[in-house]
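Structure first, then comments.
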Amino acid sequence: MSVLLINGPNLNLLGHREPAVYGTTTLAEIEEQVAAAGAAVGVDVACFQSNYEGAIIERLHAARTDGTQFVIINPGAFTHTSIAIRDAFQAAEVPFVEVHISNVHAREAFRHHSYLSDLAVGVIVGLGTRGYTLAMSFVLERLAKG
Ligand code: DQA
């Protein structure tokens with residue numbers, strides 16, 4: 001069984017970027033935590049981060065056929081702009097959870113809309129970097145149920 005964790009633009013700077021908003025945990029630490037949760041129950045985790053919209057789209061295309069059973073994604077700012085990533089999810093037909101570290105609804109109006117949320121199985125918003133492991137725990141429960 002296999003889960004794909006995708007992080008979008010600027011999230012490679014987690015831990016250093018606006019720590020008051022995004023905290024001090026690095027992306028490497030998050031990836032390690034999510035992978036460890038998977039490994040504990042025999043689920044592989046593939047981690048992918050890109051600052052490029054097209055690279056994320058191509059990774060989703062690959063997920064159609066590479067055995068990915070669930071995606072956890074923080075699309076970063078592409079959340080609010082990318083119809084193309086939305087279309088890629090519809091093409092990939094892989095279920096996903098959308099994660100946002102900050103409470104986007106308590107921030108600027110342009111962060112209130114997501115092009116992905118209505119396609120997502122669920123959305124975790126504003127619970128800090130803990131949102132990733134919470135999403136993973138939900139995904140593992142889903143996969144265990146089959
Ligand atoms: C974010 C929220 C987005 O609005 C922002 O562009 C990000 C991070 C979050 O995790 O809170 O890059 O997705």
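Treat the numbers as computed from the prediction; the structure is a model and nothing was measured. Read the numbers this way: they start at 1 and go in the same order the structure lists the ligands and their atoms.
V21 is listed as a side-chain neighbour of R107, based on a closest heavy-atom distance under 4.5 Å.
Here L13 is tied to no hydrophobic group at all, with no ILVMFWY side chain closer than 4.5 Å.
Partner of M136 under the side-chain contact (heavy atoms from CB on, under 4.5 Å) criterion, out of V45, I30, V99, V97: V45 alone.
Ligand 1 lies under 4.0 Å from heavy atoms of R17, Y22, N74, G76, A77, H80, H100, I101, S102, V104, R111.
Taking the salt bridge (Lys or Arg N to Asp or Glu O under 4.0 Å) definition, one finds that D66 meets it with R59, sequence neighbours left out.
Using cut-offs of 30° and 60° for the angle between ring planes, the H100 and H80 rings count as parallel.
For residues 117-132, the set of pairs meeting the salt bridge (Lys or Arg N to Asp or Glu O under 4.0 Å) definition, not counting sequence neighbours, comprises R86-D118.
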